[in-house]
Amino acid sequence: MNGPGSPDHPHHPALAALRPRLPSPLQDVTDGRFERHGVRLVLKRDDLVHPELIGNKWRKLAPNLEAAAGRTVVTFGGAYSNHLRATAAAGRLLGLPTVGVVRGQELAGRPLNPSLARCAADGMRLHFVERSVYRRKAEPETLSGILRAVGAEDAYVVPEGGSNSPAVRGCRRLGEELRGHADVVALACGTGGTLAGLAAGLGPGRRTLGIPVLKGGFLDGEIRALQQRAFGGPLGDWSLDDRFHFGGYARTTPTLDAFAEDFEQRHGLPVERLYVAKMLYALVALAEEGAFPHGTTLAAVITGAPFGG
């Protein structure tokens with residue numbers, strides 16, 4: 001598990017340059033909304049792993065950067081993608097060329113938003129594609145066309161959100177770090193790769209709860225497929241609760257904003273809105289519903305920090 005090829009081994013060249021803080025710290029918080037139901041809340045501060053490759057982005061990218069072996073890294077995302085920003089930052093820190101294929105040809109002629117501007121400042125070449133092309137990006141013919149268009153036919157390709165087998169195996173370490181520290185581990189899910197690895201590493205007698213931030217109910221099958229490819233079959237006890245996406249990815253509401261601001265004031269934690277706020281809101285609601293037995297230790301994985309925060 002910790003041989004020279006594994007992402008937490010000190011000889012891993014990506015790690016030597018990037019120096020992550022692993023294991024990430026566990027923080028006990030006192031919150032009456034959990035305590036009155038007999039639930040102890042701890043925060044798994046994966047937002048502190050690395051100042052630029054935060055949390056699950058570190059765990060997913062490190063093994064892929066190793067596999068890239070100095071080749072150009074081509075990856076995919078929307079206009080506000082945390083994954084694109086993390087990949088661009090890694091490219092700058094490691095001296096690797098990066099290309100971000102961005103969903104939405106209509107963005108090509110507009111000024112870059114702050115997220116994409118950060119990618120460009122970190123040296124990432126941005127290539128905008130029509131949404132119809134983007135939807136077919138996993139098809140070999142479409143992918144070949146994209147790689148030709150960016151002049152990088154021999155590139156190392158990382159999928160949207162970074163969720164592939166090396167990433168899933170990298171996230172297994174997150175579960176291993178939480179063994180013996182929690183009965184239930186909760187996290188917000190985008191593409192499902194972090195949950196697939198976490199559940200595999202957590203071990204028997206513990207369960208993982210995923211809070212999808214996108215609408216659509218497709219994640220269950222995605223996670224099963226990711227585990228099949230990474231481990232040869234399902235591992236761990238996990239479930240999803242689809243009720244807390246607040247309208248879908250990058251959507252928020254006044255209720256969610258007020259909740260996040262209140263949590264920040266109570267606990268001094270900057271709450272990232274697209275993922276973390278939805279997960280924490282879900283946990284308060286689930287505690288009220290009696291979803292966690294009295295005496296449960298609940299770990300909430302803080303997978304990111306507010307952009308610019």
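Bear in mind the structure is a predicted one, so any value in this text is a computation, not a measurement.
Side chains of Leu61 and Val73 form no contact here, defined as non-hydrogen atoms less than 4.5 Å apart. Between Leu209 and Trp238, the closest side-chain pair of non-hydrogen atoms is not below 4.5 Å. The side-chain heavy atoms of Thr98 and Thr75, taken from C-beta on, include no pair separated by under 4.5 Å. No side-chain heavy atom of Thr194 sits less than 4.5 Å from a side-chain heavy atom of Cys189. Side chains of Thr296 and Arg40 form no contact here, defined as non-hydrogen atoms less than 4.5 Å apart. In this structure the side chain of His37 never reaches within 4.5 angstrom of the side chain of His294, judged on heavy atoms. Considering only heavy atoms from C-beta on, Leu41 stays 4.5 Å or farther from Val39 through its side chain.
With sequence neighbours left out, the ring-ring contact (aromatic ring centres under 6.0 Å, His included) criterion links Phe246 to Tyr281. Listed by chain and number, the residues in a ring-ring contact (aromatic ring centres under 6.0 Å, His included) with Tyr275 are Tyr249 (sequence neighbours excluded). Remark: Gln265 pairs with no residue by the side chain to side chain donor-acceptor pair (under 3.5 Å) rule, at least two apart or across chains.
When the side chains of ILVMFWY residues are joined at heavy-atom separations under 4.5 Å, either directly or via intervening members, Val42 and Leu202 end up in a single hydrophobic cluster. In the hydrophobic cluster analysis, where Ile, Leu, Val, Met, Phe, Trp and Tyr join through side-chain heavy atoms closer than 4.5 angstrom, Tyr156 is grouped apart from Val168. Note on Leu107: it does not cluster hydrophobically with Phe76, by side-chain heavy-atom contacts below 4.5 Å among ILVMFWY residues. Hydrophobic clustering keeps Val158 apart from Val74 (ILVMFWY residues linked when any side-chain heavy atoms are closer than 4.5 Å, directly or through intermediates). Linking ILVMFWY side-chain heavy atoms closer than 4.5 Å, directly or via other members, places Val29 and Val276 in a single hydrophobic cluster.
Judged purely by distance below 3.5 Å, without hydrogens or angles, the side chains of Arg85 and Ser115 pair a donor atom with an acceptor atom. Between Asp46 and Thr303, the side chains place no donor N or O within less than 3.5 Å of an acceptor N or O (distance only, hydrogens not considered).
In terms of modelled atom types and a separation under 3.5 Å, the side chain of Ser81 and the main chain of His83 share a donor-acceptor contact. A donor-acceptor contact shorter than 3.5 Å links the side chain of His50 to the backbone of Glu52. Asp122 places no side-chain N or O within donor-acceptor distance of the main-chain N or O of Gly91, the cut-off being under 3.5 Å. Between the side chain of Arg173 and the backbone N or O of Gly170 there is no donor-acceptor pair closer than 3.5 Å. Panel note: side chain Lys44, backbone Ser24; a donor-acceptor pair is recorded below 3.5 Å.
Scanning both residues, Asp47 and Ala305, for their nearest heavy atoms gives CB-N, 4.4 Å. Contact detail for Pro166 and Pro63: the closest heavy-atom pair is O-CG, 3.3 Å. Pairing each heavy atom of Arg33 with each of Asp262, the nearest pair is NH1-OD2, 3.5 Å. Annotation for Leu147 and Ala155: closest pair CD2-CB, 4.5 Å, computed over non-hydrogen atoms. Summarising the geometry of Val49 relative to Arg59, their closest heavy-atom pair is CG2-NH2, 4.4 Å, with the distance given to 0.1 Å. The shortest heavy-atom contact between Phe34 and Leu283 is CE2-O, 3.6 Å.
Separating the CG atom in Asn82 from the CD atom in Glu272 is a distance of 6.0 Å, to the nearest 0.5 Å. We find the NZ-CG distance between Lys60 and Leu53 to be 13.0 Å, quoted to the nearest 0.5 Å. A distance of 14.5 Å separates CG of Leu274 from NE2 of His245, quoted to the nearest 0.5 Å. Taking CG of Asn56 as the start and CG of Leu198 as the end, the distance is 10.5 Å to the nearest 0.5 Å. Atom CG of Asp257 sits about 5.0 Å away from atom CZ of Arg273, to the nearest 0.5 Å. Atoms CD1 and NZ, on Ile146 and Lys137 in that order, are 8.5 Å from each other to the nearest 0.5 Å.
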Which donor-acceptor pairs under 3.5 Å do the side chains of residues 214-223 make with protein atoms, sequence neighbours left out?
residue	atom	partner	partner atom	Å
Asp220	OD2	Arg224	NE	2.8
Asp220	OD2	Arg224	NH2	3.0

Could you pull out every donor-acceptor pair under 3.5 Å between side chains of residues 124-134 and any protein atom, sequence neighbours left out?
residue	atom	partner	partner atom	Å
Arg125	NH1	Val150	O	3.2
Arg125	NH2	Val150	O	2.8
Arg131	NE	Glu106	OE2	3.2
Arg131	NH2	Glu106	OE2	2.7
Tyr134	OH	Gly77	N	3.0
Tyr134	OH	Glu160	OE2	2.8

Can you give the donor-acceptor pairs under 3.5 Å from side chains of residues 179-187 to other protein atoms, not counting sequence neighbours?
residue	atom	partner	partner atom	Å
Arg179	NE	Gly201	O	2.7
Arg179	NH2	Gly201	O	3.2
Asp183	OD2	Thr297	N	2.7

Next on the checklist: Quick one, Leu96 with Thr72, criterion side chain to side chain contact (heavy atoms under 4.5 Å, CB included). Give me CA distance, side-chain angles, the key distance, then yes/no.
Outcome noted: CA-CA 6 Å; Leu96 275 179; Thr72 297; over 6 Å; no

Next on the checklist: Before you tell me yes or no, could you show the steps for Ile302 and Leu269 under side chain to side chain contact (heavy atoms under 4.5 Å, CB included), namely the whole-Å CA-CA distance, both residues' side-chain angles and the distance that decides it to 0.1 Å?
Outcome noted: CA-CA 10 Å; Ile302 308 301; Leu269 173 82; 4.1 Å; yes

Item to check | Steps toward side chain to side chain contact (heavy atoms under 4.5 Å, CB included) verdict (Val284, Phe263) | outcome: CA-CA 11 Å; Val284 170; Phe263 199 95; 5.6 Å; no

Next on the checklist: Checking Asn64 against Asn164 for the side-chain hydrogen bond (donor to acceptor under 3.5 Å, both in side chains) test, could you report, in this order, the C-alpha distance in whole Å, the side-chain angles of both residues, the deciding distance, and whether it holds?
Outcome noted: CA-CA 9 Å; Asn64 276 294; Asn164 58 8; 2.8 Å; yes

Next on the checklist: What verdict does the side chain to side chain contact (heavy atoms under 4.5 Å, CB included) test give for Leu22 and Glu177, after you've listed the backbone C-alpha separation in whole Å, the side-chain angles of each residue and the deciding distance to 0.1 Å?
Outcome noted: CA-CA 9 Å; Leu22 291 172; Glu177 288 177 20; 3.8 Å; yes

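Atom CZ of Arg92 sits in a crowded spot, with more than 12 heavy atoms from other residues, nucleotides or ligands closer than 6.0 Å. The 12-atom threshold is not exceeded at OH of Tyr80, counting heavy atoms of other residues, nucleotides or ligands nearer than 6.0 Å.
A salt bridge links Asp31 with Arg266: the closest approach of a Lys/Arg side-chain nitrogen to an acidic carboxylate oxygen falls below 4.0 angstrom.
Figure legend: Arg172 and Phe231 shown as a cation-pi pair, the cationic atom lying under 6.0 angstrom from the six-membered ring centre and within 45 degrees of its axis.
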